[in-house]
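This report refers to the structure that appears directly beneath it.
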Amino acid sequence: MEQLEKVYSPKKVEERWGKYWEENRLFHGDETSTQEPFSIVIPPPNVTGSLHIGHAFNNTLQDILARWKRMQGFATLWQPGTDHAGIATQNVVERQLHSEGMSRQDLGREEFIKRVWRWRDKSGGTINHQLSKLGASLDWERDRFTMDEGLSKAVREVFVSLYEESLIYKGDYIINWCPRCQTALSDLEVEHQETRGHLYSIKYQFKDSQSSLTIATTRPETLLGDTAVAVNPKDERYQSMIGKVLILPIVERELPLIGDNYVDTSFGSGVLKVTPAHDPNDFELGKRHGLDLINVMNSDGSMNEKAGLPYKGMDRFTCREQLIDDLKERNLLVDVESHMHSVGHCYRCHTIIEPYVSKQWFVRTKPLAGLAIEAVRNGSIRIVPKFWENTYFDWMENIRDWCISRQIWWGHQIPAWNCQTCGKMTVARETPKACSSCGENNLIQESDVLDTWFSSALWPFSTLGWPEQTQTLKKFYPTSVLCTGFDILFFWVARMIMMGLKFMNDVPFRDVYIHALIRDVEGQKMSKTKGNVIDPLVMMEKYGTDALRFTLAAFAAQGRDIKLAEERIEGYRNFCNKLWNASRFVLMNLNDYKGTCKLDLNKKYPSAHRWILSRLNEACGEVNHALKEFKFNDAASAIYKFVWNEYCDWFIELSKPHLYGGEGREVTQNILVHVLEVSLRLLHPFMPFITEEIYSKLPAANGSIMEVSFPQYEENKSDAEIEEAFSTIIDVITSVRNIRGEMNLNPGLNLDLLIKTQDDQQADILEFHSIYINTLARVNLIESNPKVIKPRVSASSVCGKMDIFVSLEGKMNFTEEKKRVEKELKKIEKDIIVLSKKLANKNFIDKAPPDVIEKDNQRKQVLSEKKVRLSNHLETVDLALS
Ligand SMILES: [Zn+2]
Ligand SMILES: [Zn+2]
């Protein structure tokens, strides 16, 4: 029999099996298979990405599903791929250029794009390599990239189709603009932060009277672009003034006073300055009233010539200061108050965004949202956990047009060409040779590229071959599950649903599993600056990949946050070692084994064997059930409990009397190896590497464990009667072990055990299984029946409806024991007093964190219980001495 190495060294095992899987194409999703399909598309990591704990978590869960389904016999495809990550990738290459003293403008667009591709070919494979190390069973032969030829074709097809249906348009629009990144941001890319600023009250004079209105604003520099002043027509204070003309301070432009219901009568004085080019609400208001758009800023956030002198060229914030000074000088500044308000920041660089009018491309989303809402309402798509559905509906019902143009170079350049001769635009699938209006060959392509989310919205069908009607697309679309974090429910999930329904006439996935986000043990977001990051690559190196994977699965409770600590990973490394050592024990006892590790269902196995088989069956049931519901943590916990407690801790011990008792050795070998083999299959999706390694040494091994079926629950394999009996036996053994510990008895000492049972039937069960009790608890069960009386000098314990007595007569030096117990009791009493005083101290209770108080309370409880046990024990000792 081939043996396992003495110590489990994850690295070697991981390398061996990683290579084996790849060489044998075990991750390949076969589109020609006749089996039922199961497919997942990976949320494409950025091509610039490096594996962080969020990736490790998300992909471990997907891998568990993929491996589970594959073993269940489904034609399984887990589709890999990376995202071109427009701005992130462009930044990386720009930084490189910068270090060479160049800018992208120096290179020019074409050369720059070539340079990005070179970077991608050389360095873009990092994240895939890391995923592969994680054991992710992605079909690497099908690796895709959002900028590859096929996906680019899909992007063009979708863009042009939507444009032809007027679902894409170009228009003047007020957008969120990052002056630093020099690009438009979607509403979702703006982070709103409560910020302390100022509310400036400014006097606007009427043209033909001495009176004035006071207007409050947080951004006085936008005043330079005002084109009206507005009040609410229902506001009695100002009703009569509507139609009069005001003079814009400093600039001295004439402004009409208009009435609009949008104006909030309770904000400031109830009068609003209207700057359509620099505020999204004013923009809408301006459209309603036909107001001019005066853009007073440059795209870098500095003031332009429309702002006039002396402001032209100033940064927007410098301009603010200058303007306030100038207003003060002219006695036009009425008041300045400190003011908390929400300010939008760029999610990439945290610069304050500027609402800015420019020509942008949009997807008209309302017509697409209807079906997408319906798909979730009618259950075609299931969102798990269900509480996210409301968030989804909320957002989709209030959806705004999606700004899809970005002012960068790296990405899908918008397939629209402007004719320099006639001024008309040509939008086309293939790069046109001539203008579609005038026929002249004088075309310049739009310089903007598409939002990265535009291509990822097509991911579930574009990766499978669309717009070609491939066999793969037919086999694997719609996909089965999407596994993602809630932070991109809108950015990505909702948009995939809209695009899938539009272009495939079917949902892109059946289930959306939204997992929680991983935080540090205090519940803080992990960040490099805080130094609280748990790096999955370091953890894999330190504890082994399987330990990391199992930890992540065990923590995957459905909710919002997961608090992860390194110690937990270490804990599951111990689980790996435990499994390894138990397997070594089994293998070492197979030297004379001739069996097949298949069960003979006609055979009447010994009780312990029947018990472990029944428990194993239950565990199979629990794991399958939990995975079906995406309760990864329940599944992990069921396996852990079974493997660690029931198999390693109990069954291996229970098996020893049979294994070494002459009779029953072969049967016991059979059960030991059978249960191990099934457990490995059950555990494989969670811990792929160690399970392969151990499995490969088993007599039944044939190829990879991945190719063997996943264990299922089978009703006829459950044995309630034996489970009940063993729950009693285990309780008795545990009670005796506890007594031994409390009484400070030598572990090797053989003790006499008496049990007062509830009835004769229970006594029979105990008698029948006395071999297990005697061996594992090191006792002689000398009496068990309902009439047992407590021996004079004995330790006792209540165990369910039984009373357990361990006779102590002649088993220890009672004089010494009395001294020891009295000493220990004194110490405990002292500790209790200290803790009680502390907990009665109001000062402490008021100031200490709740978890500290909770810990002290628990400690006090533990000590008090111990005191009771020791006092009882002392009574026994006294009795023995009397
Ligand atoms: Zn920015
Ligand atoms: Zn033309």
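When a residue number appears, it is its place in the shown sequence, counting from 1. Both counts, for ligands and for their atoms, begin at 1 and track the order of listing.
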*Hey, what's the angle at the Zn ion (ligand 1) spanning SG (C178) and SG (C181), nearest 10 degrees?*
110°
_Hydrogens and angles aside, do Y311 and D326 bring a side-chain donor and acceptor to less than 3.5 Å of each other?_
yes
*Does a donor on one side chain and an acceptor on the other come within less than 3.5 Å for S405 and K170?*
no
*Do the ring planes of W453 and F491 sit parallel (below 30°), tilted (30 to 60°) or perpendicular (above 60°)?*
parallel
_Angle at the Zn ion (ligand 2), SG of C438 to SG of C419, rounded to 10 degrees, please._
110°
*Test ring pair (Phe, Tyr, Trp, His ring centres under 6.0 Å) applied to F159 and F362, W361, F503, the passing residue*: W361
*asked:* Need one value: angle at the Zn ion (ligand 1), C346 atom SG versus C349 atom SG, rounded to 10 degrees.
replied: 110°
*Say whether Q413 and S447, considering side chains only, have a donor N or O and an acceptor N or O under 3.5 Å apart.*
no
*With the Zn ion (ligand 2) at the apex, how many degrees lie between SG of C422 and SG of C435, rounded to 10 degrees?*
100°
*Decide, counting backbone as well as side-chain atoms, whether H350 has an N, O or S atom less than 2.8 Å from the Zn ion (ligand 1).*
no
